[in-house]
Protein chains: 2
Amino acid sequence: MIKYAILGLLHYTEMHGYRIKEHIERNFGHMWSINYGQIYPNLKKLHDDRLITMKEVVVNGEKGPPRKLYSITDKGREEFLDWLNTSPEKPMLLRDPFLMRFVFFGFGDGKRAIEIIDEQISRYQKELARRKKNLTRWEKSGIYVRLIADLGASLNEMVLEWLKRSKKEILKNAAEK
Amino acid sequence: MIKYAILGLLHYTEMHGYRIKEHIERNFGHMWSINYGQIYPNLKKLHDDRLITMKEVVVNGEKGPPRKLYSITDKGREEFLDWLNTSPEKPMLLRDPFLMRFVFFGFGDGKRAIEIIDEQISRYQKELARRKKNLTRWEKSGIYVRLIADLGASLNEMVLEWLKRSKKEILKNAAEK
DNA sequence: CTTTATATATATATAAAGTATATAATATGT
DNA sequence: ACATATTATATACTTTATATATATATAAAG
């Protein structure tokens, strides 16, 4: 799927690997992260498959080694649009190290569980503040990107409320015993 | 992380691979799925590392080849609890093939986008109905498991509302042009 | 004016997660 | 007797994710 994320970005404009990472983190970094170890091998494969082309450029006054600018080809555009029109294969996947622990908190120390929940609450509070502040930034990026940003903020808010409610219930439950 | 999911389940009771998959899909299948290709290699590794023990049993009157019953060892219990007490490394990851397409819908055919959103709406409606019906089933499984089930249903409901709202906004937006 | 730190940029090795498929044993229906 | 479904394990392969190495240029510190 990373393949299509890259093709989608190159659909906007030509880019090099480093810039692609920046964009992904800035744009849909609400919900995921990406890694150079995923980007460069994918770029290589896309290039081998003739879905993108590459030109090496040195930009005067800019830091770092020469950049490899990739552009999407007609073949790439075609394959990207084919993918865009197919129905998504699988439903949402939520693999979260916190939730994973949460289901098993009954086996561990209740006090430590509350501590971890508190950490999570402050993490989500910071994140929500950051998102709400940035919501306006997406207004001009088109309706779909804006709606995704809305979803990100709503999800964040919902989970935060759930965390607070859970903490209360767990404490109440512990007090009753 | 699958390693710890398996250890967590074996913390309840001894199990064989096939049963582990059943349990994972039944218990936290709200949000993920798991695969034999992930379970058996993990069981092998856990056994090599002496975190679980194995005994092969043939249950009379039951179908299939002999089962390999795995139990958690003291060493396994220790490592599991250590993990449970550590702070979760990374925040929630949301890698969804639908959302992935959604951000790029601006590049594609608007009518097809609405079709895919409709598919998604009916998918989420069915799923939400199933979840709400099952919510009571978790009541007896302890507070943490119940709270996770609540979160699953809430997330489902929220995304469904977002899908409906998005559809309206997209149609309105298209009509204005 | 040199060394150190920092930002930019690419690349690769390894590990973990996920998909697809093969194999085997037994119960059950026809 | 034979096809079919269910239970169960196993492995090959692909994709995703982490960790780390390398190179270049600017900026800052001493």
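Every heavy atom of this structure was used, including side-chain atoms; hydrogens, water molecules and symmetry mates were not. Order of the sequence lines fixes the chain letters, A, B, ..., with proteins taken first and strands second; residue numbering starts at 1 for each chain.
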Kindly indicate, with the supporting measurements, whether the criterion ring-ring contact (aromatic ring centres under 6.0 Å, His included) is fulfilled by B/Phe104 and A/His11.
-> CA-CA 9 Å; B/Phe104 293 122; A/His11 209 288; 8.3 Å; no

Using nucleotides 19-26 of chain D, report all nitrogen or oxygen pairs with the protein that are shorter than 3.5 Å.
from   : atom 1 : to      : atom 2 : distance (Å)
D/dT24 : O2     : A/Gly64 : N      : 3.2
D/dA25 : O4'    : A/Gly64 : N      : 3.4

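For the residue pair A/Arg112 / B/Ser87, a side-chain donor-acceptor distance below 3.5 Å is found, with atom types taken as modelled.
Looking at which nucleotide of DNA chain D each of B/Tyr18 and A/Asn42 is closest to, the 5′-most match is held by B/Tyr18.
You'll find the side chain of B/His23 reaches within 4.5 Å of the side chain of B/Arg19, heavy atoms only. Taking the side chain as every heavy atom from C-beta outward, B/Leu81 and B/Leu84 approach each other to under 4.5 Å.
Summarising the geometry, the separation between NZ on B/Lys45 and C1' on D/dA10 is reported as 18 Å, rounded to the nearest angstrom. Between B/Ile39 atom CD1 and D/dT11 atom P the separation is 15 Å, expressed in whole Å. The distance between atom NZ of B/Lys21 and atom P of D/dA8, rounded to the nearest whole Å, is 13 Å. D/dT7 atom P lies 13 Å from atom CD of B/Glu25, rounded to whole Å. Regarding B/Ile34, its CD1 atom lies at a distance of 18 Å from the P atom of D/dT16, rounded to whole Å. The CD1 atom of B/Ile2 sits 15 Å away from the P atom of D/dT16 (whole-angstrom rounding). Put simply, OH on B/Tyr40 is 16 Å from P on C/dA24, counting in whole angstrom units. One interatomic measurement links the two molecules: CG of A/Asp49 to P of D/dT14, which rounds to 13 Å at whole-angstrom precision.
Using bins of under 30°, 30° to 60° and over 60° for the plane-to-plane angle, the ring pair A/His16/A/Tyr18 lands in the parallel bin.
Sorted by first then second residue, the ring-ring contact (aromatic ring centres under 6.0 Å, His included) pairs that include residues 144-177 of chain A, not counting sequence neighbours, are A/Phe102-A/Trp162, A/Tyr144-B/Phe102, A/Tyr144-B/Phe105.
Nucleic acid contact class of A/Lys90 (heavy atoms, under 4.0 Å, all strands): sugar-phosphate only. Across all strands, A/Lys68 comes closer than 4.0 Å only to sugar-phosphate atoms, never to a base (heavy-atom distances).
A salt bridge (Lys or Arg N to Asp or Glu O under 4.0 Å) with A/Glu157 is found for one member of A/Arg131, A/Lys164, A/Lys132 and no other, namely A/Lys132. Across A/Leu147, A/Ile143, A/Leu151, a single residue satisfies side chain to side chain contact (heavy atoms under 4.5 Å, CB included) together with B/Ser166, and that is A/Leu147.
Distances shorter than 4.0 Å separate some side-chain N or O of A/Arg95 from OP1 or OP2 on C/dG18.
When all heavy atoms are compared, the tightest approach of B/Ile121 to B/Leu160 is O-CD1, 3.6 Å.
The strand DNA chain D forms stems, runs of 3 or more Watson-Crick or G-U wobble pairs with distances below 3.5 Å, at C:1-30 with D:1-30.
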